[in-house]
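What follows is a single structure, written as structure tokens, with notes after it.
Chain letters run A, B, ... following the sequence lines, proteins first and then strands; every chain starts at 1. The structure displayed is predicted, hence computed values, not measured ones.
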Amino acid sequence: MSDMSVPKTPRIWQLAERRYRLIGSKCLKCGRVFVGSRKVCPQCGSRELEDVELSRKGKIYSYTVIRASPMEREKYGPYIMAIVELDDGCKLTTEIVDCSPEEIDIGTEVEATFRKIGEESKSGVIYYACKFRPVAKGV
Amino acid sequence: MIMRGDVAVIGVGMTKFDEHWNKQLRDLFVEAALEALDDARVSLKDVKAMFVGNMGSGMWVEQEHLGSLLADYLGISGVPSLKVESACASSGMAFRLGLMSVTAGLHDVVLVGGVEKMSDVTTSESTHHLATAADREWEAFYGMTFPGLFALIARRHMKQYGTTREQLAKVAVKNHKHGSYNPKAQYQRAISIEDVLNSPLVADPLRLLDSSPISDGAAAVIIARSDIARRFTDTPVYVLGSGAATDAIALHDRDDITTLRSVVLAAKEAYNMAKVEPEDVNLAEVHDCFTIAEILAYEDLGFARKGEGGKLIDEGVTELGGKIPVNPSGGLKAKGHPVGATGVAQVVEVTLQLRNEAGKRQVSNAEIGLTHNIGGSGASCIVHILGRGRR
């Protein structure tokens with residue numbers, strides 16, 4: 001396995017805060033919210049965007065179970081991936097955890113949870129981000 | 001509008017698409033390029049420029065600077081030559097750049113190729129490399145893969161429009177049947193709906209037999225100014241329209257993932273340039289990297305209304321012998337998908353069809369053919385319309 005298998009440390013640090021705290025960009029003109037950092041709104045062309053904390057709750061927009069894993073997850077086994085539409089309208093790609101595929105569907109309510117994503121090597125940086133899990137019923 | 005009919009395809013060549021364990025990327029490319037040159041009866045010294053589509057030679061075989069490497073090994077060093085990258089649409093885009101260089105008056109005769117060598121690494125490494133066509137930081141980082149992205153699209157399409165698992169399977173069955181007539185296809189055997197439905201899940205609801213394979217291969221075409229094309233060949237095929245477009249790189253940043261906006265935009269440009277309508281198209285080579293992608297292509301290219309792509313496959317409209325055969329070559333599914341070679345391989349097939357040289361898979365009375373090549377999950381798309389006549 002080549003060392004391209006894992007993200008590089010500088011890139012992990014560059015995005016660590018955004019991933020840890022779930023910070024995105026909001027267009028002050030049209031109101032659209034994006035995961036990641038943007039200087040220009042791709043919807044309306046405005047340059048007035050600000051960082052915002054994204055909503056930590058949303059609904060599953062579509063999902064799948066990945067059974068053919070990329071090399072950095074070769075030993076990780078099947079896992080659920082989804083696009084989640086947050087309550088603020090932002091859509092993002094994330095892993096769905098703490099449930100089996102049978103327990104979810106399009107529309108299932110989910111919430112963010114801080115988790116380990118992977119590690120660069122045995123002695124290298126461990127990287128984290130938000131995954132999502134179904135909101136416990138009756139809570 | 002400057003390109004309509006101004007450029008002709010005068011020669012085509014391609015390797016068999018396969019796992020070529022004993023051949024290197026440069027071997028494959030030169031094999032396809034020489035076949036195209038011989039087909040066009042063009043000599044090496046006639047080639048004035050070269051464009052090569054390739055997605056990831058730096059990752060798969062640790063080789064970049066392909067323009068120079070391949071010109072060197074083809075024996076045409078000295079001419080300008082460059083690699084064009086737009087993920088799986090790389091060589092579709094290379095073809096368009098070739099057209100532009102001819103219509104701009106820079107070059108009379110140009111070689112456009114595409115090549116990918118994928119089988120030298122493990123499947124999980126290829127899965128990783130392919131995922132670089134998605135958003136590395138906001139999709140792939142979290143574990144998303146290409147089958148995964150198309151699975152998300154499939155699940156939404158099934159939910160919104162009632163597209164069925166069986167309809168998806170029928171796309172693979174059709175393309176395998178077509179592939180069985182193509183001596184250059186990676187898989188030349190028919191499969192059944194049950195084979196598809198019983199194959200292992202790759203990313204629910206998509207299964208192994210919904211997916212195009214990992215392939216090695218190269219394809220090449222020679223293009224020339226139309227007014228000199230007949231100096232080389234009696235059967236020039238004319239490029240009537242070319243359209244290209246992009247969309248948000250991440251699937252999650254698109255409003256509706258059941259339509260690929262890049263395809264709608266590229267198709268509109270190509271149809272307008274060619275002055276043809278979807279119903280004028282006699283055959284199409286579309287980008288069926290996964291079965292759902294062919295259903296989307298029917299709709300986004302205007303062969304079916306949005307949501308009714310599944311009906312088209314049910315009615316047999318897109319089979320050989322149907323009203324508009326789609327992927328007579330076997331498509332990416334059966335012919336194989338060496339990603340950077342696919343766009344030009346589509347042009348090769350449509351050219352052979354329009355020259356009436358497609359053998360057992362020949363579409364009868366084909367006058368107009370279309371190619372549809374997408375990059376990533378649809379963040380880029382190139383559509384070309386070719387004609388037997390200049391119109």
Side-chain angles (χ1 to χ4, degrees), chain A residues 1-2 4-8 11-12 14-15 18-19 24 32-38 42-43 60-76 78-86 89-97 101 105-107 115 117-118 127 129-132, chain B residues 56 58-60 62 121-132 134-160 200-208 211 214 246-258 292 377:
Chain A
M1 190 186 288
S2 74
M4 281 187 297
S5 62
V6 288
K8 302 287 190 283
R11 298 201 340 253
I12 295 300
Q14 287 153 16
L15 294 174
R18 289 188 166 272
R19 287 190 176 128
R32 189 154 171 174
V33 185
F34 305 90
V35 71
S37 172
R38 287 187 183 262
Q43 178 161 283
I60 292 178
Y61 174 80
S62 192
Y63 72 99
T64 181
V65 183
I66 307 288
R67 294 166 198 271
S69 309
M71 58 186 166
E72 62 271 30
R73 287 182 174 232
E74 241 176 344
K75 298 186 179 87
Y76 191 79
Y79 53 96
I80 305 169
M81 290 297 301
I83 291 178
V84 167
E85 184 165 17
L86 303 177
C90 176
K91 290 207 297 270
L92 52 73
T93 297
T94 187
E95 186 176 343
I96 304 293
V97 293
D105 202 348
I106 289 174
R115 294 294 167 96
I117 298 280
Y127 41 101
C130 288
K131 298 181 179 179
F132 281 71
Chain B
M59 295 182 287
W60 270 287
E62 298 179 307
V121 303
T122 64
T123 299
S124 60
E125 283 175 296
S126 276
T127 302
H128 169 272
H129 298 345
L130 288 166
T132 62
D135 187 329
R136 175 65 219 168
E137 305 294 8
W138 299 105
E139 293 183 310
F141 171 86
Y142 292 88
M144 187 47 87
T145 64
F146 258 91
L149 288 166
F150 280 91
L152 296 179
I153 292 173
R155 196 181 295 280
R156 279 304 297 194
H157 203 277
M158 292 164 92
K159 168 102 174 171
Q160 281 176 228
L201 279 162
V202 173
D204 316 20
L206 298 179
R207 294 174 178 272
L208 187 65
S211 319
I214 286 166
T246 53
D247 198 354
I249 186 83
L251 197 60
H252 60 231
D253 278 330
R254 304 187 204 154
D255 289 332
D256 178 4
I257 66 171
T258 63
I292 182 63
S377 60

Cation-pi geometry met for A/Arg19 and B/Phe141 (6.0 Å, 45°): yes
Which portion of B/Ile257 sits near chain A, non-hydrogen atoms under 4.5 angstrom: both
Chain B contact via A/Arg115 - which portion, at a heavy-atom distance below 4.5 Å: neither
Heavy-atom side-chain contact between B/Met144 and B/Leu152 under 4.5 Å: yes
Top contributor to chain B interface from A/Arg73, A/Arg18, A/Glu95 [non-hydrogen pairs under 4.5 Å]: A/Arg73
Under 3.5 Å: donor-acceptor pair, side chain of A/Tyr79, backbone of B/Gly143: yes
Selection from A/Ile66, A/Ile80, A/Val84 maximising heavy-atom pairs under 4.5 Å formed with chain B: A/Ile66
Trace of the side chain to side chain contact (heavy atoms under 4.5 Å, CB included) decision for A/Leu15 with B/Trp138: CA-CA 10 Å; A/Leu15 294 174; B/Trp138 299 105; 4.1 Å; yes
Most chain A-contacting option - heavy-atom pairs closer than 4.5 Å, from B/Thr123, B/Asp204, B/Leu206: B/Asp204
Close side-chain approach of A/Arg67 and B/Val202, heavy atoms under 4.5 Å: no
Top contributor to chain A interface from B/Thr122, B/Leu208, B/Asp255 [non-hydrogen pairs under 4.5 Å]: B/Asp255
Top contributor to chain A contacts, counting heavy-atom pairs under 4.5 Å, from B/Asp135, B/Val121, B/Asp253: B/Asp253
Approximate separation, where rounding is to 0.5 Å, of B/Tyr142 OH and B/Arg136 CZ: 11.0 Å
